[in-house]
Asks: 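Have a look at this one.
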Amino acid sequence: MERIDDVRRRLIWSAVTVALGAGLGFVLAMNYDLLGVLIDPVKPFLHGTKLKYLSPTEPFFITIKLGILVGIILALPVIMHHVWCIVRPLLGPREQRIVRPMLAMSMVLFLAGAVFCFVAVVPLMLRFTMGFQTESLEQNIVIGEYLSIVLRMVLAFGVVFEMPVVALVGTLLGIVDPEFLASKRRHAILLSVVLGALLTPPDVASQVLMAVPMYALFEISILVSRLAVRRTRATVPLEV
């Protein structure tokens with residue numbers, strides 16, 4: 001019961017931190033053009049016009065969503081701290097030395113994947129998808145659909161970039177090894193294609209831009225696993 005109370009208390013503190021961050025994020029969204037940052041990739045295709053909205057209440061709820069997004073980002077270090085405090089008693093000293101730095105690394109890789117998607121992948125996707133039928137069609141993009149596509153892609157890339165960390169932790173804990181990962185290359189190719197189709201808009205460019213980095217990260221995970229095995233073997237003393 002004491003353990004359950006501690007978990008509940010930390011979950012409450014995490015929720016309070018997100019709420020406070022969301023409040024600050026709402027104020028920032030009201031006073032600064034945060035939405036302008038998110039719609040920057042599509043601006044070259046608007047030809048001086050603005051994104052449309054279909055409901056009178058949509059601008060208000062878009063602002064609330066921006067505040068929540070900013071709140072989650074600001075609260076992420078606190079959330080990771082409470083996650084570590086919950087998980088730490090369940091781990092031994094060796095597992096603690098492995099998992100603790102991996103939590104920080106996972107946060108960095110998630111942000112790296114999200115930034116890579118927003119800066120490189122989203123503009124390429126827009127150039128490809130909006131380059132068709134331009135002589136017959138005129139764009140009339142609505143903000144809700146645009147944000148839904150962009151945020152889904154950014155979240156997917158952030159999660160995919162966690163793959164090397166998962167492989168490293170699994171190797172150090174003895175759950176997987178490089179040989180096992182290497183034997184699953186065909187499965188990784190198929191999974192990359194399937195997830196690329198499911199997590200991105202229904203166009204070939206977005207699916208390729210998702211599938212290729214995903215499989216590349218799988219190969220990086222194999223390399224990271226091999227380096228971890230070599231380092232572990234080098235540090236284990238030989239038995240007499």
Asks: Any idea how Phe60 and Phe26 line up, ring-wise: parallel (<30°), tilted (30 to 60°), or perpendicular (>60°)?
Replies: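 Aromatic pair Phe60/Phe26 classed perpendicular.
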Asks: Could you grab the distance from atom CG of Leu69 to atom CD1 of Ile64, nearest 0.5 Å is fine?
Replies: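 Here the interatomic distance stands at 13.5 Å.
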Asks: For the residue pair Val160 and Pro213, establish whether any side-chain heavy-atom pair is separated by less than 4.5 Å.
Replies: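 When only atoms from C-beta onward are counted, Pro213 and Val160 do not touch, as no gap falls below 4.5 Å.
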Asks: Side chains of Ile143 and Ile39: does their closest heavy-atom pair fall under 4.5 Å?
Replies: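 The answer is yes, as the side chains (C-beta and beyond) meet within the 4.5 Å cut-off.
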Asks: So, taking the atom named OH in Tyr53 and the one named CD1 in Ile62, what distance separates them when rounded to the nearest 0.5 Å?
Replies: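 Spacing of OH (Tyr53) from CD1 (Ile62) equals 11.5 Å.
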Asks: Atom CG of Leu168 and atom CE of Met105: how far apart are they, to the nearest 0.5 Å?
Replies: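 Here the rounded value is 6.5 Å.
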Asks: Give the cluster check for Val166 versus Leu181: same hydrophobic cluster or not, with ILVMFWY residues linked at side-chain heavy-atom distances below 4.5 Å.
Replies: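 No, Val166 does not connect to Leu181 through the hydrophobic network.
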Asks: Any idea which heavy atoms bring Met163 and Leu217 closest together, and the distance?
Replies: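 Nearest pair, atom of Met163 first, then Leu217: SD-C, 3.9 Å.
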Asks: Count I, L, V, M, F, W, Y as connected when their side-chain heavy atoms are under 4.5 Å apart, and connections chain through other members. Are Ile79 and Ile68 then in the same cluster?
Replies: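 Yes, Ile79 connects to Ile68 through the hydrophobic network.
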Asks: Taking side chain to side chain donor-acceptor pair (under 3.5 Å) as the definition, give me every residue that meets it alongside Ser183, ordered by chain and number, with sequence neighbours left out.
Replies: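 So Ser183 forms no side chain to side chain donor-acceptor pair (under 3.5 Å) with any residue.
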Asks: Is Leu35 linked to Leu46 within one hydrophobic cluster, defined over Ile, Leu, Val, Met, Phe, Trp and Tyr using a side-chain heavy-atom separation of less than 4.5 Å?
Replies: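 In one cluster: yes.
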Asks: Hydrophobic clustering (ILVMFWY, side-chain heavy atoms < 4.5 Å, transitive) - are Met153 and Leu147 grouped together?
Replies: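 Yes, Leu147 connects to Met153 through the hydrophobic network.
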Asks: Determine, for Asp5 against Arg9, whether the closest basic-nitrogen to carboxylate-oxygen distance falls under 4.0 angstrom.
Replies: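 Looking at Arg9 together with Asp5, the answer is no, because their closest N to O distance does not fall below 4.0 Å.
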Asks: Taking everything shown except Trp84 itself, do over 12 heavy atoms lie less than 6.0 Å from its CH2?
Replies: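 Yes.
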Asks: Consider only side-chain heavy atoms of I, L, V, M, F, W and Y, link residues closer than 4.5 Å, and tell whether Met214 and Phe218 are in one cluster.
Replies: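 Yes, same cluster.
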Asks: Is there a donor-acceptor pair closer than 3.5 Å between any side-chain N or O of Ser14 and the backbone N or O of Arg10?
Replies: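 Checked: pair present.
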Asks: Can you name the closest pair of heavy atoms from Leu38 and Phe118 and give their distance?
Replies: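 Looking at all heavy atoms of both residues, the closest pair is O-CE1, 3.6 Å.
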